[in-house]
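Everything numeric here is computed off the predicted structure, so don't read it as measured data.
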Amino acid sequence: MKSNNVILASASPRRQELLKKIFPEFKIIPADIDESYGGDISATEVAQFLAEKKAEHISKMYPDSLVIGSDTTVVSGDIILGKPENETDAVRMLKLLSGNAHKVITGVSLFSGEFSYSFSETTEVLFHELSDSEIAGYIKTGEWSDKAGAYGIQGAAGAFVEKINGSFDNVVGLPCEKLKAVLKEKGFLN
């Protein structure tokens, strides 16, 4: 498929950089959707549901393109951590993650004409015990503001990570290895 027929339905600069590993050129058309969801679905279902909602929304306007939607959730125990509302919320999330393992789940959805396919990837991340001063220093960076779980592993919070089990790219926001395999399997890549 020609990369000018590929659309990323996301404003995330991290997803844009990651998708360049697969498609050197593509269009960026963020999906402006309501990101609410029903309370009786799992974190994996939340990530896939929102990815599908984004891809489907853009696909309706560009049915001849391959639209890629994605959404990432961070889960600590059974608590889904979305994007923090403010600094206080970010501190709460980081304290919850401190010294614990959590899961990062990214849902990916592909839409092209009548075709649609969705999947998710899960990576486990273990943070070392964070001191109050480490958390306060990270809050000052502002990196937390638009990230699920209040951190970006590719930035200063990478120093919080003791161990990662799975795809690093998935934690950043797009599981490139799995996405590339699916695109090949479905005939969108050679």
Hits for salt bridge (Lys or Arg N to Asp or Glu O under 4.0 Å) against Lys20, two or more places apart or cross-chain, chain-then-number order -> Glu17
Apply side-chain contact (heavy atoms from CB on, under 4.5 Å) to His128 and Glu134, showing your working. CA-CA 11 Å; His128 68 73; Glu134 280 180 296; 3.2 Å; yes
Step-by-step side-chain contact (heavy atoms from CB on, under 4.5 Å) determination, Ile68 to Phe188: CA-CA 12 Å; Ile68 302 170; Phe188 291 102; over 6 Å; no
Step through the shown structure and confirm whether more than 12 heavy atoms of other residues, nucleotides or ligands are within 6.0 Å of CG on Asn100. yes
More than 12 heavy atoms from other groups under 6.0 Å of CD on Glu85: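 Result for CD/Glu85: open.
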Side-chain contact, heavy-atom cut-off 4.5 Å: [X] with [Y]?
X      : Y      : result
Phe115 : Lys186 : yes
Thr106 : Asp169 : no
Val172 : Ile153 : yes
Ile139 : Leu94  : yes
Leu179 : Leu18  : no
Val108 : Lys178 : no
Leu97  : Leu81  : yes
Asp89  : Asn86  : yes

Quick test of your reading of the model: are Lys53 and Asp71 salt-bridged, counting only N-O distances below 4.0 Å?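 Judged by the 4.0 Å cut-off on N to carboxylate O distance, Lys53 and Asp71 do not form a salt bridge.
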Using the rule given for side-chain contact (heavy atoms from CB on, under 4.5 Å), can you reason through Ser98 versus Phe127, listing the C-alpha separation, both sets of side-chain angles and the distance that settles it, and then say yes or no? CA-CA 6 Å; Ser98 174; Phe127 272 17; 5.8 Å; no
For [X] and [Y], which heavy atoms make the closest approach, and how far apart are they?
X      : Y      : answer
Arg15  : Ser70  : NE-OG, 3.2 Å
Asn165 : Thr123 : O-CG2, 3.4 Å
Ala157 : Gly152 : CB-O, 3.5 Å

Only counting residues at least two apart or in another chain, list the ones meeting ring-ring contact (aromatic ring centres under 6.0 Å, His included) with His57. none
Which residues share a ring-ring contact (aromatic ring centres under 6.0 Å, His included) with Tyr117, sequence neighbours left out: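 None.
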Does a side chain donor of either Ser167 or Glu121 reach within less than 3.5 Å of an acceptor in the other side chain?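 Short answer, no.
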With side-chain contact (heavy atoms from CB on, under 4.5 Å) as the criterion, how do Thr122 and Val75 come out once you've worked through the C-alpha distance, each side chain's angles and the decisive distance to 0.1 Å? CA-CA 10 Å; Thr122 301; Val75 185; over 6 Å; no
